[in-house]
Amino acid sequence: MNYKIVELPYKKLPLKLQNIKKPPSKIYAIGNIELLYKESFSIVGTRHISEYGIKSCEYFTKELVLRKITTVSGM
């Protein structure tokens, strides 16, 4: 797949980002930009994940994929 990095100015940010207390002036994204405007779920990682964390992440990710909900992760 070919990806390019795009810069989104404030006016093109998803409404969820525009409506936070201190929204970014712009963001950079790689991949399918349209997914930014759909229902999503964020996963925040850790450097030292536990066995419970691994199992929980696998469970939630599987369930979200089955429901076609975009998963957002910080690269």
Side-chain angles (χ1 to χ4, degrees):
M1 280 189 216
N2 291 328
Y3 291 110
K4 65 179 183 176
I5 299 173
V6 297
E7 179 182 336
L8 294 175
Y10 175 80
K11 289 181 181 179
K12 296 227 178 190
L13 292 178
L15 290 177
K16 290 178 187 176
L17 284 177
Q18 289 182 20
N19 292 327
I20 61 176
K21 189 173 183 178
K22 289 187 176 183
S25 58
K26 58 187 159 190
I27 61 171
Y28 296 89
I30 299 173
N32 183 352
I33 304 305
E34 294 304 312
L35 294 175
L36 293 172
Y37 306 99
K38 297 186 181 277
E39 185 176 24
S40 63
F41 181 86
S42 296
I43 296 177
V44 178
T46 179
R47 290 189 176 118
H48 306 288
I49 193 165
S50 66
E51 199 61 39
Y52 174 76
I54 292 169
K55 288 181 181 179
S56 296
C57 188
E58 288 173 347
Y59 171 79
F60 282 110
T61 302
K62 179 182 173 185
E63 293 299 318
L64 293 166
V65 167
L66 291 172
R67 289 163 177 76
K68 299 184 179 183
I69 296 174
T70 301
T71 303
V72 178
S73 180
M75 299 166 89

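None of the values given here were measured: they were computed from a predicted structure.
The side chain to side chain contact (heavy atoms under 4.5 Å, CB included) search around Glu34 returns Asn32, Tyr37, not counting sequence neighbours. With sequence neighbours left out, Ile69 forms a side chain to side chain contact (heavy atoms under 4.5 Å, CB included) with Glu39, Phe41, Leu64, Arg67. Qualifying side chain to side chain contact (heavy atoms under 4.5 Å, CB included) partners for Tyr59, counting only residues two or more places apart in sequence or in other chains: Glu63.
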For residues 14-24, please give each side-chain donor-acceptor pair under 3.5 Å, one per line with the distance, not counting sequence neighbours.
{"residue": "Gln18", "atom": "NE2", "partner": "Tyr10", "partner atom": "O", "Å": "3.2"}
{"residue": "Gln18", "atom": "NE2", "partner": "Lys11", "partner atom": "O", "Å": "3.4"}
{"residue": "Gln18", "atom": "NE2", "partner": "Leu13", "partner atom": "O", "Å": "2.8"}
{"residue": "Asn19", "atom": "ND2", "partner": "Leu15", "partner atom": "O", "Å": "3.1"}

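Between the side chain of Ser50 and the main chain of Gly53, a donor-acceptor pair closer than 3.5 Å is present.
Once rounded to the nearest 0.5 Å, the distance linking CG of Leu36 with OG1 of Thr70 reads 8.5 Å.
Hydrophobic cluster membership for Val65: none, as no Ile, Leu, Val, Met, Phe, Trp or Tyr side chain comes under 4.5 Å of it.
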